[in-house]
Amino acid sequence: MTNNSSTGIGRRAVIAASGAALLLPHSVLAQNRAEAFSWTMLIARAQRLARGAFMVTPFFPGADRIGYDAFNEARFRDERTIWNESGDDTGIRLFPLSGTVQQPVEIALVEKGRATPLRYDPAMFDAPPGNAVRALGPDAGFAGFRIMNQARDGDWLSFLGATYFRAPAERQFGLSARAVAINTSIAGKEEFPRFTHFWLERTGRSSVTVYALMDSASLTGAYRFANELTPQGVRQDVDAVLFTRKAIAELGLMPMTSMFWYDQADRRTRTDWRPEIHDSDLLSIAGADGTVHCRPLVNPSAPRVDVFAERNPKGFGLLQRDRNFDHYQDDGVFYERRPSLWATSRKPLGAGQVRLYAFPTDSEYTDNVAAYWTPAAPTRAGSRIEASYRLDWSAARAPASAGLATVENIWTGQSGEAGVDRFLVDFAGVPTGSRPDIWVDLAGGTLVKKAGYPVLHQKDMFRMVLDIRRDRGRPTDIRAQLRAGNRPFSEYVHYPLGA
């Protein structure tokens, strides 16, 4: 099943075999000895680590026997919550190891420049008799952690497995973020670094700073996440310093991962009774020149990469724009309440590409979509790469499309003429009486005719209809936009018809 809370592993595919070296032995962790700690020290540590050979951490014995049910049955005891102060959104609870996450991470608490490692204690977890978590020894260590809300009945941020982390909107989890993506779109070459150490610092009544050390065969990294729970959603200011061990063919920064099975536009892969199933429904990119690109997601018949060349984009994100319960009819996991995630660099990115990678899925249990920024400059061995960006997890629409008509719905089907497909876009935010021009460009097909008109009884909605004869044997890539003269009136729509 799909989980609404990060207490469960759910369908997040964490690659357990992506192990990394643990620099502190468990005996040090058990001694509970405080040590000096700072961001500068963490960067230096990551740099030293990159100069040595990558070492894979063995799986902890017995973790492989902890399946999905056993993991979810093992509950962290409420009274053991760390920073369990009334009225604060900073309570920390820990995850046990499992068959999905078999390599422990070191976790320490930071106060006044001193870091105190947490000691693993099996008594932290309440598990029924026979649960395999009970059999883990006192040196097992933790799989990750989550930050609880004031009521302690839900979490607002969690880190669990590899470098994955996620936050909810309207108490519903959906897509995930990662620290870095390596060779994601290169078949058989993707690499999954993992966080080996965390340091947690309470910085306010609703804010926690998380420091993390990352390791993998290709690079190491120091990360600082300044996390805050705001009325608009979770906000993270992220600083990262990466050190490469070897050249990387495709480096993805600010990566995010989601699931798209089907929507109303194309139900070829649908086998479920629900009208739509997806955690995100489009990629949005805010270009430096004011252009807002909208690429509705699809479930492709084969792995597919879409590339959007940009220089210093204002931001990008995977959005769940459709927030109408009637479109999903799921009264258990509430897809209409899934968060959108928007990434904004806090310093110029230079030249590069926003890449969208997707592969086929036939269920809701696989994250089959990834979006990330790839710098134009090659990533060579011995490089130091710095990134500084903000992540906003929210149920609200991303800020990129302010002032423009936005894509509300996509529809596809037959036109009624043999060999001609129909592609429709409903744009929201087109004032009554407006008559924007329709601009269209096609690759792999021929435009037969186009039309546009206000939708009756739907306030400020405008429908664009394109009839297209596709070239045989390949998808037709559509680019379309509403314009007023030479001025953009809407988002710039990209769609792979028949992908």
Practice item. Show your working on side-chain hydrogen bond (donor to acceptor under 3.5 Å, both in side chains) between N227 and Q236 and close with a plain yes or no. Key: CA-CA 5 Å; N227 312 294; Q236 298 179 282; 2.9 Å; yes

Exercise for review: Take T366 and N368 through the test side-chain hydrogen bond (donor to acceptor under 3.5 Å, both in side chains) and record every step on the way to the result.
Suggested key: CA-CA 6 Å; T366 301; N368 63 320; over 6 Å; no

Practice item. Give the intermediate values and the outcome of side-chain hydrogen bond (donor to acceptor under 3.5 Å, both in side chains) for residues N84 and R152. Key: CA-CA 9 Å; N84 197 18; R152 303 294 187 254; 3.0 Å; yes

Check your understanding: Should Q320 and S340 be marked as a side-chain hydrogen bond (donor to acceptor under 3.5 Å, both in side chains) after you check the CA-CA gap, both sets of side-chain angles, and the distance that decides it?
Key -> CA-CA 5 Å; Q320 184 75 317; S340 296; over 6 Å; no

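Remark: side-chain polar atoms of S98 are paired, donor with acceptor, to backbone N or O of T100 under 3.5 angstrom. In this structure, the side chain of S490 engages the main chain of L482 through a donor-acceptor pair within 3.5 Å. Formation of a donor-acceptor pair under 3.5 Å by the E491 side chain with backbone atoms of V407 is found in this model. A donor-acceptor contact shorter than 3.5 Å links the side chain of R346 to the backbone of Y389. For the pair T412 (side chain) and A265 (backbone), a donor-acceptor distance under 3.5 Å is present. Although no hydrogens or angles enter the test, the distance criterion places a donor-acceptor pair under 3.5 Å between the side chain of Q102 and the main chain of G99. For T90 (side chain) and R205 (main-chain N/O), no donor-acceptor pair under 3.5 Å exists by modelled atom type. With W156 contributing its side chain and D89 its backbone, the two residues share a donor-acceptor pair below 3.5 Å.
Taking the six-membered ring for Trp and the full ring otherwise, the centers of F165 and F225 sit less than 6.0 Å from each other. Side-chain rings of H278 and Y328 approach one another, their centers coming within less than 6.0 Å.
Using bins of under 30°, 30° to 60° and over 60° for the plane-to-plane angle, the ring pair F145/F198 lands in the perpendicular bin.
Shown here for F316 and M256, the closest heavy-atom pair between the two residues is CE1-CE, 3.8 Å. Nearest heavy atoms, W261 versus D362: CZ2-O, 3.2 Å. Closest approach of T81 and F76 over heavy atoms only: N-CE2, 3.8 Å.
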For a quick test of your reading: what N or O donor-acceptor pairs under 3.5 Å do the side chains of residues 450-459 make, sequence neighbours left out?
unit_1 : atom_1 : unit_2 : atom_2 : d
K450   : NZ     : I438   : O      : 2.8

